[in-house]
Amino acid sequence: MISPRQLLPIPIILGLLACEYKLHVQKRAEDNLPSFYSALVNGDVDEARSRIAEAARLSPGDARYAAWSAYVDGQTVPTEASECSQVAQPLTVSQREAAERAVAGYQMAAQLNQFDAQFHHNMAWLYHRLGEDQRALQEFETAVRLDRPNPILHASFGLLLESIGEVNRADGEYARAIALSPQLIDSRFFEDLKQRSAERATHVLKTSVSLLGESDNPILEAKLGRIYAELGEKARAALLLSDPLRKLPNLPLAWANLGNLQVASGDTDVALSSYRKATALDPGLVMPNLRIAEIYRGNGSTRQALQSFQMTARNADAKLPPSVSHDFRLYHGSRQPIDSQLPTVLFRYMNSCDGPQAYEAMAELNPKARDAAYYRTRARDCEFIQSPYRICPVSPASRPK
Amino acid sequence: MPRFNWNAQRARALPSTLPALTAVLIVGDYEHLPFVSVILAALLLLSLLLTRRSGPAAKVSWIDGAVLLVAGLEVPSLMLSHYRPNGWDRTLGLLFAAAVYLIFRQIVRSRVQLVAASSIVAGFGVWLSVGALTIFGHRLDSLHIAGFEGIVPFREMLTGRSGYVGGEWFTLVLLTFPFALLLAVVAFSAGRRWLGALTLIPAAVIALELTTTCSRAVFFALVAGLMSLTCVSVLYGLIPWRRGLTLLVTSLAVLGLILLIGNTMFPGVGSCYIGHSESSQARSAEGRLSIWHSAIEATRGSRVWGVGSGNSGFLLSSNADESADSAFAARTFSLPVEILVEKGIVGICCYALLILAILFELHRTLRSSTVDHRSGWIALVAFTGIVMGLFRDLTYSSLMAHPVTLSLFFALIGILSAAKEMKPAEPATGKPRRRNKR
């Protein structure tokens, strides 16, 4: 006769086997992603579609696969022209259908996982492209509500608002983005904003300052320091950067930004020490490694400069978009950190050009190196980084019907 | 001379090795081994066949029922999950841990089995600790070269190893500590004082690593564990109160000495625990309070069943405020809050029942007249480990985040549960067995 205690393991054994099987299937689905990504990069849309369809078949409840499938459809929808002089090209019938399919795909993904802001973000831009700006705004508001501390979302929202003519609201979102991440000041995005209107760029920075407010919070002080440095108030910036470092010396970006101020005031040796502290705290940082390399180059230490430029380029290439690391931490089945092209285009636009600068320097310092041609190609990366979306205000009359 | 009976020896060897094999599976960090859960299921099936079929030993205990309840909770939790794909690996981790519990509960009956399993875990703990101390030293050197002083503000980057988030790492090492203590208890209770002293070395090495984590929660979990060990032993008459007081003072003094050694090796470690909180520590505490508040607020719509296993990160991320100071938080930083968020009030009740069952089982074991004095100590040390793990996770949510930590925790519960069915030790000189003192 079987005792009650002998029965205890049976449900556990069955559960273990069921879970193991389910995870095995999840892994098989996930194994399709590297091929999917390669196919995307090579422009093989059919192969990409079949790979993601296979993943979705194996794991139909996974919202990421539904979103990737929508992304493939969205790829055939061209972005608007980035030059203000050009009129937005209307979508062809097939492009319109692809955009609508993509929207449907993202809607399904959002139903599977109501917490992911990225789906609503991508849907917003598709709605905008379809001419449905009200729905685009609603989706963006949902995206921002789901991921308020994400600076790239706010900046992207600002781009949409600006493209439909709501410049004041756009500047408000840009200010929020910079308050969350002042490093956006070094990006192509902010560079373009300054080119469009230096006054607006200054106004955005001042709005960021008021959003951060007066505080003795060391993190906020450090952020204010970076913004004041951009506003030209160097003395105030130096104070706001050095004070929090006394309380929290483990802030790598604050050390790097302090180093920039020290370089500007001619204290190269002190700046080098600040940059070294930044890289000791976070070896993956790009900007301080670049600055160290530039100091070595200025001092004539070519070999050390080359090493630091190589480190800069390596770190820049290895840097993952925040959305990728975000997904990797939240989606437990995710085993492959996929660098999705849509966020990457946006991510590169919100990033600095430190990596290409490093490649340019490497090509200059060692023109006879075996990889010199490769370095020169990579040095031009920034030229091709444009806003992924039209950011010139368009009057309703000029919009194509 | 009696003939050597191979069949009998093989039959005895199998149950002896099961706990040790299970320990190997746990410390092998099963995520990197394919189909480890299938192997564990096979071991569990084997333990099912080796379990006694009748008599008092065949009864289902309160802890057995509570573990089954907690495992069974995963079914409705998965079905009602806000995002089911996130829950499968967590469910597997919990079932794995439940299987570990059952194996230890069903099979561990002798000191040999306990020593075999505990040695593997304690050895793993020593290996982790030595590696971590080496890494700590290297990273500290690189900070000093860069011109930094002190340790407290940099503690997060000094500790831990790749593959583990820092806090999970601390919990993992902490949970190997009671297994090292078990070795000492078995040795001392067998009257082997020199061996017992030797077996304290692994515990000391692990404690040294734990003091260099600069985590106040971990350090005070050690203190809480040692205090519970002595207080409960006095309460249940295992030792007289004077000896209990001596034991408490001695153990805290030894912990203090270990901290002193740690501070000598790495100056500044002591300031993590003594004196005023530094800015980074104050911010860490404030950040936790803020996360707990927003996590509890965010579960308003899912209070009964929670949002499902593995989804607390999504919930936190989608309810984070726009404060420019807020960093991305993917965990709740408190086990009770995590259970509330992911399993709801139903989950809180189920896990509370498990804790009550553990307390009840400990009480029954220490009160029982049939339980050997030494088995009582084994149950008590296992309970100490459970206290340490729970205390640490009051301010971190790491037990359920990694299957290894959960399995070690449930192994301790299994040992506690098995203690009262352990065979009394044979007296070394033929003297009669001592009964429990009351």
Side-chain angles (χ1 to χ4, degrees), chain A residues 1-17 19-20 22-24 26 59 61-63 112-117 144-150 154 176 179-180 211-212 215 217-220 223 247-250 273 276-277 279-282 322 326 329-333, chain B residues 35 37-38 40-41 44-45 47-48 51-54 57-60 64 68 71-72 74 82-92 95-96 98-99 102 106 142-143 145-148 150 153-154 156-157 279-280 283 310-311 313-315 317-318 320-328 330:
Chain A
M1 191 174 136
I2 298 172
S3 69
R5 211 158 91 184
Q6 279 190 298
L7 293 175
L8 284 179
I10 293 170
I12 303 295
I13 290 170
L14 293 174
L16 269 174
L17 295 175
C19 284
E20 183 65 49
K22 187 65 190 172
L23 283 170
H24 172 68
Q26 267 188 352
S59 191
D62 198 318
L112 288 170
N113 184 4
Q114 60 187 283
F115 296 121
D116 200 324
V144 166
R145 180 176 52 77
L146 289 173
D147 196 1
R148 285 190 196 94
N150 186 340
H154 287 282
R176 277 192 183 81
L180 287 166
L211 284 172
L212 287 169
S215 171
N217 182 314
I219 304 276
L220 299 186
K223 289 184 177 184
K247 299 174 212 167
L248 282 184
N250 60 342
S273 164
R276 284 212 179 101
K277 283 180 174 158
T279 55
L281 291 169
D282 187 352
H326 178 278
R329 287 164 77 179
L330 296 187
Y331 284 100
H332 290 203
Chain B
F35 299 111
S37 51
V38 175
L40 189 71
L44 186 55
L45 192 62
S47 75
L48 184 158
T51 305
R52 264 174 129 172
R53 295 182 185 187
S54 60
K59 278 189 187 164
V60 174
D64 295 340
L68 212 57
E74 291 300 304
H82 284 218
Y83 186 62
R84 203 174 299 158
N86 256 12
W88 289 105
D89 61 338
R90 291 294 178 97
T91 300
L92 180 64
L95 291 175
F96 194 96
L102 284 173
Q106 311 271 49
S142 65
L143 283 179
I145 289 168
F148 288 114
F154 312 105
E156 281 179 21
M157 62 167 289
S279 294
S280 61
R283 278 180 50 80
N311 291 331
F314 276 131
L315 189 77
S317 145
S318 63
D321 67 36
E322 203 187 291
S323 158
D325 182 24
S326 61
F328 170 64

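Sequence lines set the chain letters: A, B, ... in the order given, protein chains first and strands last, and positions in each chain run from 1.
Judged purely by distance below 3.5 Å, without hydrogens or angles, the side chains of Tyr331(A) and Asn113(A) pair a donor atom with an acceptor atom. In summary, the side chains of Ser47(B) and Gln106(B) do not present any donor paired with an acceptor at a separation below 3.5 Å, with no hydrogens or angles considered.
Proximity to chain A is limited to the side chain of Leu102(B), based on heavy atoms less than 4.5 angstrom apart. In this structure, chain B has heavy atoms under 4.5 Å from both the backbone and the side chain of Leu281(A). When heavy atoms are compared at a cutoff of 4.5 Å, Leu17(A) approaches chain B solely by way of its side chain, counted from C-beta outward. For chain B, the nearby parts of Pro9(A) are the backbone and the side chain; heavy atoms of each come within less than 4.5 Å. Heavy atoms closer than 4.5 Å to chain A are found in the side chain of Leu68(B), but not in its backbone. When heavy atoms are compared at a cutoff of 4.5 Å, Ala71(B) approaches chain A solely by way of its side chain, counted from C-beta outward. With a 4.5 Å cut-off on non-hydrogen atoms, Lys22(A) touches chain B through its side chain but not through its backbone.
Considering every non-hydrogen atom in both Asn250(A) and Pro153(B), the closest pair reads ND2-O, 2.9 Å. The minimum heavy-atom distance between Phe148(B) and Pro249(A), with the atom names listed, is CE2-O, 3.4 Å. Heavy-atom minimum distance, Ser59(A) versus Gln26(A): OG-CG, 4.2 Å. A pairwise comparison of heavy atoms in Ala99(B) and Leu40(B) identifies CB-CD2, 3.5 Å as the closest pair.
Annotation: maximal heavy-atom pairing with chain B below 4.5 Å, among Pro11(A), Ala63(A), Ala117(A), occurs at Ala63(A). Between chain B and the residues His24(A), Arg276(A), Gln114(A), Lys277(A), the most heavy-atom pairs under 4.5 angstrom are made by Lys277(A).
Asp64(B) meets the salt bridge (Lys or Arg N to Asp or Glu O under 4.0 Å) test with Arg105(B); sequence neighbours excluded.
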